[in-house]
2 protein chains.
Amino acid sequence: MTITQLQYVLAVAEHQNFTLAAQKSFVTQPTLSMQVQKLEDELDILIFDRSKKPITITEVGKKIVEQAKNIVNEAERIKDIVDQEKGFIGGDYTLGIIPTIMPTLLPMFLKTFINKYPKVNLIIKEQSTENLIRNIEDGHIDAAIAATPLEVEFIKERPLYYEPFVGYVPNNHRLKNLDNLKPEDLSINDILLLQDGHCFREGVINLCKASKNYDDEHFQLQSGSFETLVNLSDEGLGMTLLPYLNTLSLDDTKKVNLKYFNAPSPAREVSLIYHKSELKIQITEALRDVISGIVRGAIAFQDVKIISPISK
Amino acid sequence: MTITQLQYVLAVAEHQNFTLAAQKSFVTQPTLSMQVQKLEDELDILIFDRSKKPITITEVGKKIVEQAKNIVNEAERIKDIVDQEKGFIGGDYTLGIIPTIMPTLLPMFLKTFINKYPKVNLIIKEQSTENLIRNIEDGHIDAAIAATPLEVEFIKERPLYYEPFVGYVPNNHRLKNLDNLKPEDLSINDILLLQDGHCFREGVINLCKASKNYDDEHFQLQSGSFETLVNLSDEGLGMTLLPYLNTLSLDDTKKVNLKYFNAPSPAREVSLIYHKSELKIQITEALRDVISGIVRGAIAFQDVKIISPISK
DNA sequence: TTCTTTTGATAGTATAAAGGTATTACATAA
DNA sequence: TTATGTAATACCTTTATACTATCAAAAGAA
């Protein structure tokens, strides 16, 4: 049994296809097939049931695949230990970011990070929280920036900052004359929301639920970007809520429509999340340092109340 | 990096000697040296400092060795998974037993176990609790039978039975006329004890401490076997305490000197202990089944008070 | 010091393992 | 039926692993 064989097994288990698994492993299909067979021979069991198309994993196979994941992960950690010892911060690093954070936060830290750590090949992926969690579990991304707390067993969270919700209330809206908002003022019925799958949407719904203005009806308007929401809002279709960082780039003509919440302002907790195995932890820590250093100061709010990003 | 290379590294780390490590790994010394070098080259660090005699492990080396232990252990678990699937109970299995349990318990279960699981090659080692713990950590023994609770982080304990302490009070002793003992009756000053290193000794001392009759003076008489203690006791050198199972084989002429404790009788908890990684867990469970099945009935005491086997 | 002894590294070679190309076998779908 | 996708097999090359023999360096003994 070799680590390579286990990696091949993992590739086949993931893609359910020897040919594709071989490509992803950068070897030919016969090479991979032979190694998987050799492992099966050595253990004298079948890991894959090749009689079905697509191939399936046997019951023993499932257990072996789980254990193989452990072993391969622990083996990669050896390289981590060496890198840490050498003070080397480099190599591929895949970072996921949720769509509602990406456009505002990424420009703030990207240049600084790649200048400070030129040997890190940073790969950024924009994905929903749900997909980020799955990809962290599978090891396809090394860390992600998302709204927390998530309460996922295998994920560690390191808070980066707390970002208050800000109301965008257009001229004709019933709340127009208020100086500041209170959660109780909100009604789910006249708030424009992002599409399903955005956790900021869940946060807003949780906020309305908490203030008892939630009646579980279907929402008529949904959009994928805050820019659209603001524009729809201006058209008289209701108010909306924006994360604080998204309000900084608004036109002055629109900024007058912003209404802040009374303290403690509802806010989302934005964290760097990663697998509890802490692979590539030095790069993750470096990233956290850079982002916290930059965000500190950009967000001055002290007294906030965290709204959960997950539907309950 | 291969699992074999990691195993070689572990062997060298353990024996601090390439030649010996090679023997224990059943390869020649150059083979092992080359593989270790290859790993060092691949990682571009030194794991061992060969300039000193005996060779030492570098700082990075220590971390790598720790991680290598993980990996090798997790890899062995694959075979475990397969064995479990096949319902196969077999292979080498090393069991440690503390000296005060060995002579009474081993004869009770050994025949039954080797008949029921003929494919298991059981290797029994008699060692102190301290050594058992170290050997469980190093993976040199698969499980052990010892007095618990031990409160060791990496060890799991499965209680087998609770064995009461029984007083052996000779004719001329101050407690001779009591029908039953109470812990308060005991004085550390007239109890014969086993040598240092036996945890049953610690248990007795803890029992005396708990009853405030402990004055921390040096004890004059110590022995390595209960038989000696009983004989010394008969010579008028004080009373002694025996584990219940040890009293069963006494002569009738000696049995009259036995005095049981009032309920709840002080007792030691005897457990099967093993590494939390649960390697070879099927055999461990099989062993536990056999022993519990046999001991149940042999010890009828219900109401006992567990005395800790470790000095505090 | 000088001569052994111990112990790890190196050289050279045989064998086994891993990887490649070409081809075959066997499904499933058209 | 044929065409297509996919895994297995045959066969060859390269690489890795393990061996024997030997060397080099350090530690101990004379």
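Naming convention: chains lettered A, B, ... in sequence-line order (proteins, then strands); numbering from 1 in each chain.
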For [X], give me all partners under side-chain contact (heavy atoms from CB on, under 4.5 Å), at least two apart in sequence or on another chain.
{"X": "A:D80", "answer": "A:R77, A:L279, A:K280, A:Q282"}
{"X": "A:S25", "answer": "A:Y8, A:A11, A:V27, A:L32"}
{"X": "A:P103", "answer": "none"}

- Please, which pairs that meet ring-ring contact (aromatic ring centres under 6.0 Å, His included) have at least one residue in residues 75-95 of chain A, sequence neighbours excluded?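 Applying ring-ring contact (aromatic ring centres under 6.0 Å, His included) to every pair that reaches into residues 75-95 of chain A, excluding sequence neighbours, yields nothing.
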
- Got a sec, which residues hit side chain to side chain donor-acceptor pair (under 3.5 Å) with A:D92, two or more places apart in sequence or on another chain?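 Per chain and number, A:D92 pairs via side chain to side chain donor-acceptor pair (under 3.5 Å) with A:N121.
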
- Query: Mapping A:T31 and A:S51 onto DNA chain C by nearest heavy atom, which one lands closer to the 5' end?
  - Reply: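 It is A:T31, whose closest nucleotide lies nearer the 5' terminus.
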
Rounded interatomic separation in angstrom, taking [atom1] from [X] and [atom2] from [N]:
{"X": "A:D49", "N": "D:dT6", "atom1": "CG", "atom2": "C1'", "result": "15 Å"}
{"X": "A:Q35", "N": "C:dA16", "atom1": "CD", "atom2": "P", "result": "16 Å"}
{"X": "B:L32", "N": "D:dA18", "atom1": "CG", "atom2": "P", "result": "9 Å"}

- Message: Counting only side-chain nitrogens and oxygens, does A:T28 get under 4.0 Å of the OP1 or OP2 atom of C:dG19?
- Response: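 For C:dG19, OP1/OP2 do not have a side-chain N/O of A:T28 under 4.0 Å.
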
- Does anything in residues 55-72 of chain A pair up under salt bridge (Lys or Arg N to Asp or Glu O under 4.0 Å), and if so which pairs, sequence neighbours excluded?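 Found A:E59-A:K62, A:K63-B:E85, A:E66-A:K69.
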
- Query: Looking at residues 1-13 of chain B, who's got a heavy atom less than 4.0 Å off DNA chain D?
  - Reply: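 When residues 1-13 of chain B is checked for heavy atoms under 4.0 Å from DNA chain D, the hits, listed by number, are B:T2, B:Y8.
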
- Under 4.0 Å from any atom of DNA chain D, heavy atoms only: list the residues of residues 61-73 of chain B that qualify, in numerical order.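 Nothing qualifies; none.
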
Set out, line by line, the N/O atom pairs under 3.5 Å between protein and nucleotides 7-11 of chain D.
from: D:dA7; atom 1: OP1; to: A:F18; atom 2: N; distance (Å): 3.0
from: D:dA7; atom 1: OP2; to: A:N17; atom 2: OD1; distance (Å): 3.2
from: D:dA7; atom 1: OP2; to: A:F18; atom 2: N; distance (Å): 3.0
from: D:dA7; atom 1: OP2; to: A:T19; atom 2: N; distance (Å): 2.8
from: D:dA7; atom 1: OP2; to: A:T19; atom 2: OG1; distance (Å): 2.8
from: D:dA8; atom 1: OP1; to: A:R50; atom 2: NE; distance (Å): 2.2
from: D:dA8; atom 1: OP2; to: A:S33; atom 2: OG; distance (Å): 3.0
from: D:dA8; atom 1: N7; to: A:Q29; atom 2: NE2; distance (Å): 2.9
from: D:dA8; atom 1: N6; to: A:Q29; atom 2: OE1; distance (Å): 3.2
from: D:dT9; atom 1: OP2; to: A:Q37; atom 2: OE1; distance (Å): 3.4

- Query: Under a 4.0 Å N-O cut-off, is there an ion pair linking B:E42 with A:K79?
  - Reply: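 Here B:E42 does not pair with A:K79 in a salt bridge, since their nearest N and O are not under 4.0 Å apart.
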
- With distance as the sole criterion, is a donor-acceptor pair present between the side chains of A:Q67 and A:N70 under 3.5 Å?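 The answer is yes; a qualifying pair exists.
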
- ring pair (Phe, Tyr, Trp, His ring centres under 6.0 Å) involving A:H275 - partner list, sequence neighbours excluded: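 In terms of ring pair (Phe, Tyr, Trp, His ring centres under 6.0 Å), with neighbours along the sequence ignored, A:H275 is linked to A:F154.
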
- Message: Run the ring pair (Phe, Tyr, Trp, His ring centres under 6.0 Å) test against A:F113 and tell me which residues pass, sequence neighbours left out.
- Response: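 Scan of A:F113 (ring pair (Phe, Tyr, Trp, His ring centres under 6.0 Å), adjacent residues dropped) gives A:Y117.
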
Give every donor-acceptor pair under 3.5 Å between a side-chain atom in residues 137-146 of chain B and any protein atom, sequence neighbours left out.
from: B:H140; atom 1: NE2; to: B:E14; atom 2: OE1; distance (Å): 3.4
from: B:H140; atom 1: NE2; to: B:E14; atom 2: OE2; distance (Å): 2.6
from: B:D142; atom 1: OD2; to: B:T94; atom 2: N; distance (Å): 2.9

